[in-house]
Amino acid sequence: MLKGWRLPIAGVVVVGAAAAAAPQLGLSDYGQTIPLFILFVLFVGALQLLEWLKDRRRRR
């Protein structure tokens with residue numbers, strides 16, 4: 001899935017910048033972008049947790 005930590009962190013930074021820039025450009029409002037950003041962070045966190053559990057199970 002997402003090996004390492006660089007890709008998830010870069011994804012969170014890019015999506016966070018888009019969530020902050022979209023209301024400034026008049027594309028959307030903060031009421032829509034912030035919850036979607038939070039949902040994305042939770043999704044990436046869940047993927048990282050699944051990867052950690054898979055690696056942990058393989059070591060046994």
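The shortest heavy-atom contact between Y30 and A19 is CE2-O, 4.3 Å. S28 and Q32 make their closest contact through OG-OE1, 2.7 Å (heavy atoms, listed as atom of the first residue, atom of the second, distance).
The line from CZ of R57 to CH2 of W52 is 11.0 Å long, rounded to the nearest 0.5 Å.
F43 CZ: 12 or fewer foreign heavy atoms inside a 6.0 Å radius.
V12 and I38 fall into different hydrophobic clusters, where Ile, Leu, Val, Met, Phe, Trp and Tyr side chains are chained together by heavy-atom contacts under 4.5 Å.
Counting heavy atoms from C-beta outward, P8 and L47 have side chains that stay 4.5 Å or more apart.
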